[in-house]
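Positions are given from 1 along the sequence.
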Amino acid sequence: MIKLTFCLTRLPKLTVEEFQDYWWNKHAPLVKSHREALRIKRYVQMHSANPALAEALRTSRAGGLDKAPAVYDGVAQLWWDSLDDIAAAMTTPAGAEAGRQLLEDEAKFIDFSKSPLWFGEEKVVFG
């Protein structure tokens, strides 16, 4: 499985609550509507919770405190069977249009300059 991990920072004009509401109630259904065109096997959202606990955990680790935002507002994870599936989906008109719509919608609530994303191969340790 190939996984896309996207650490999300909200646009400054949005509160955490507004960001999470839009992401869950508007963007998630849009992703779901394009899942077949994009060949997405699984999509999950991890919404940030309890900023004080997150800051205590970050401080206890002491690593990268000067390089990362205090807390991401959420993390999106999407799974595909392979990199070939992703490439194939993006070469179809439906896949290209789906990608365009998702990017356009993401610009409404995500600060792209503070939201890293990357592909990785999932290696399950247990579970």
Side-chain angles (χ1 to χ4, degrees):
M1 297 295 293
I2 299 298
K3 183 189 289 188
L4 172 73
T5 300
F6 194 179
C7 299
L8 306 177
T9 300
R10 71 186 185 276
L11 290 173
K13 67 181 181 181
L14 300 174
T15 66
V16 172
E17 293 78 17
E18 290 168 334
F19 166 84
Q20 290 179 345
D21 179 67
Y22 188 92
W23 187 27
W24 181 251
N25 291 305
K26 300 282 195 289
H27 191 71
L30 183 61
V31 174
K32 189 174 181 180
S33 75
H34 292 303
R35 71 185 293 182
E36 288 185 25
L38 293 173
R39 301 185 185 192
I40 300 169
K41 297 298 179 187
R42 183 172 187 212
Y43 171 54
V44 298
Q45 296 180 349
M46 295 182 351
H47 292 234
S48 63
N50 195 339
L53 180 59
E55 186 59 28
L57 182 59
R58 260 173 48 93
T59 301
S60 75
R61 302 292 175 144
L65 293 176
D66 60 334
K67 294 180 178 66
V71 166
Y72 289 110
D73 297 300
V75 175
Q77 295 182 314
L78 298 93
W79 284 256
W80 287 267
D81 285 333
S82 68
L83 286 172
D84 289 341
D85 259 4
I86 298 167
M90 293 310 295
T91 62
T92 68
E97 176 60 17
R100 186 198 65 73
Q101 286 182 26
L102 292 179
L103 182 62
E104 182 179 287
D105 192 58
E106 289 166 354
K108 295 176 182 176
F109 67 102
I110 298 171
D111 182 340
F112 293 126
S113 70
K114 297 178 181 174
S115 300
L117 70 159
W118 67 94
F119 285 108
E121 186 175 354
E122 190 172 68
K123 306 264 187 209
V124 178
V125 177
F126 63 87

ask   = Is a side-chain donor or acceptor of Thr9 paired with a backbone partner of Lys114 at a separation under 3.5 angstrom?
value = yes

ask   = Would you find a donor on one side and an acceptor on the other, under 3.5 Å apart, between the side chain of Asp73 and the backbone of Arg10?
value = yes

remark   = CG of Leu38 to CG of Leu78, rounded to nearest 0.5 Å, is 9.0 Å

note = Closest heavy-atom pair, Asp111 versus Pro12, reported as atoms and distance to 0.1 Å, is OD2-CD, 4.4 Å

query = Given Tyr43 and Arg35, is the side chain to side chain contact (heavy atoms under 4.5 Å, CB included) satisfied, shown in steps?
reply = CA-CA 9 Å; Tyr43 171 54; Arg35 71 185 293 182; over 6 Å; no

request  = To the nearest 0.5 Å, tell me how far Asp85 CG sits from Arg39 CZ.
outcome  = 5.0 Å

task = Could you pull out the closest heavy-atom pair between His27 and Asp105, with the gap in Å?
result = ND1-OD2, 2.7 Å

In one Ile/Leu/Val/Met/Phe/Trp/Tyr side-chain cluster, 4.5 Å: Tyr22, Val16 = no

Ile86 with Leu4, same ILVMFWY side-chain cluster at under 4.5 Å = yes

message = Once ring-ring contact (aromatic ring centres under 6.0 Å, His included) is applied, do any residues pair with Phe19, and if so which ones, sequence neighbours excluded?
response = Trp23, Phe109

request  = Would you check if Phe6 and Glu106 make a side-chain contact, meaning some heavy-atom pair closer than 4.5 Å?
outcome  = yes

Validation: residues 87-101 side-chain donor-acceptor distances under 3.5 Å, sequence neighbours left out:
unit_1	atom_1	unit_2	atom_2	d
Thr91	OG1	Ala88	O	2.8
Thr92	OG1	Ala89	O	3.0
Thr92	OG1	Gly95	N	2.9
Glu97	OE1	Arg100	NE	3.1
Glu97	OE2	Arg100	NE	3.4
Glu97	OE2	Arg100	NH2	2.7
Glu97	OE2	Gln101	NE2	2.9
Arg100	NH1	Glu104	OE1	2.9
Gln101	OE1	His34	NE2	2.9

message = Once rounded to the nearest 0.5 Å, what's the spacing between atom CE of Met46 and atom SG of Cys7?
response = 8.0 Å

message = Within this structure, what is the NZ-CG distance for the pair Lys26 and Leu30, rounded to the nearest 0.5 Å?
response = 11.5 Å

inquiry  = Just by distance, no angles: are the side chains of Gln20 and Thr15 close enough, under 3.5 Å, to form a donor-acceptor pair?
reply    = no

ask   = Considering residues at least two apart in sequence or located in another chain, which fulfil the salt bridge (Lys or Arg N to Asp or Glu O under 4.0 Å) criterion with Glu18?
value = none

Using residues 116-127 as the side-chain source, report each donor-acceptor pair under 3.5 Å to any protein atom, sequence neighbours left out, with the distance given to one decimal.
unit_1	atom_1	unit_2	atom_2	d
Glu122	OE1	Trp79	NE1	3.3
Glu122	OE2	Lys3	NZ	2.8
Glu122	OE2	Trp79	NE1	3.1

query = Do NZ/NE/NH1/NH2 and the carboxylate oxygens of Lys41 and Asp81 come within less than 4.0 Å?
reply = yes

ask   = Side-chain contact, heavy-atom cut-off 4.5 Å: Leu8 with Tyr72?
value = no

query = For Lys32, what residues pass the salt bridge (Lys or Arg N to Asp or Glu O under 4.0 Å) criterion, not counting sequence neighbours?
reply = none

ask   = Yes or no on side chain to side chain contact (heavy atoms under 4.5 Å, CB included) for Gln45 and Trp24, after CA distance, side-chain angles and deciding distance?
value = CA-CA 8 Å; Gln45 296 180 349; Trp24 181 251; 3.1 Å; yes

query = Under the side chain to side chain contact (heavy atoms under 4.5 Å, CB included) criterion, do Thr5 and Val75 qualify, and how do the steps go?
reply = CA-CA 7 Å; Thr5 300; Val75 175; 3.8 Å; yes

task = Go through the structure and list residues passing salt bridge (Lys or Arg N to Asp or Glu O under 4.0 Å) with Asp84, not counting sequence neighbours.
result = none

